[in-house]
Amino acid sequence: MKTLGKIVGALALLGALVFAYISWIYSNSLLRVETAEKAIALTYDDGPNPPHTQALLELLAQRKVKATFFLKGRNVEAFPELAAQVVAQGHEVANHSYHHYAMGALRKEEMLAELVRVNELILVTTGVQPSLFRPPFGIQGAGLKRALDELGMLSVLADASGTDWEVTDARQVADLVLADVGPGSIVLLHDGHGDVDGPDEQDSRAHSVAATALIIDELRAKGYRFVTVSELVGLAEG
Ligand SMILES: [Zn+2]
């Protein structure tokens, strides 16, 4: 029994260490914001990506909603005017890496290079210096955590996802989001694709745009308003 006790003790210690390590890795990550205000941040990943980004911009303008776009560096290079248009229409732009690699295993130096490259690209293209980053696939490692800290950047995840890379029915995408949102929520949707190599596939993002209309209209009817991620962070309590 003594041996068993030691094994259980060692496992408990190991579990606590793993938990502490993972907590540290994600300590500069935001899932949602603590606030009583009925404010929500809509976020879009992997663009700019014609024609879906234009369709989304048109819809957001019609409904007077500002959102946050996590831009993929490769697409900013390919579609610079569209990236600039996102900013010209009052939306927030942020960094979603250049290549869209899963970044858990990269070293700090590799991460810094990837982050700085896209920050500079976005600055030159849109005039905005990004301070927010969304890790591709939501995967964060120690190297990324250290690189973000060094650059003073915040990692932004989400607490409500439309799973729109898999679900292609707009009503279903909207329902997945509506089931999870509350005051201070960050909503994850996509106007582009997460491919690492080659040109973006041409799968439609029309369902993500259509779902956005449903989400905005139904949440507005419940008294919610829509803000950028930075504005949402400004509403944080405590
Ligand atoms: Zn992505």
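First listed ligand is number 1; within each ligand, the first listed atom is number 1. Positions are given from 1, in the same order as the sequence printed here. As the structure is a prediction and not an experimental result, all values here were calculated from the model. Values below: every heavy atom of this structure, side chains too, minus hydrogens, waters and symmetry copies.
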(message) Side chains of R134 and S155: any donor to acceptor distance under 3.5 Å?
(response) no
(request) Verify whether one side chain among D46 and H100 offers a donor that lies under 3.5 Å from an acceptor in the other. (result) yes
(request) Measure from the side-chain N and O atoms of D159 to the backbone N and O of R32, and report whether any donor-acceptor pair falls under 3.5 Å. (result) no
(message) Within the structure provided, determine whether L151 and L112 are in side-chain contact (heavy-atom separation under 4.5 Å).
(response) yes
(message) Are Q140 and N28 packed together at the side-chain level, in the sense that at least one heavy-atom pair is separated by less than 4.5 angstrom?
(response) yes
(request) Write down the atom of V229, the atom of T68, and the distance for their closest heavy-atom approach. (result) N-OG1, 3.0 Å
(message) For the Zn ion (ligand 1), which protein N/O/S atoms fall under 2.8 Å? Skip waters.
(response) D46 OD1, H96 NE2, H100 NE2
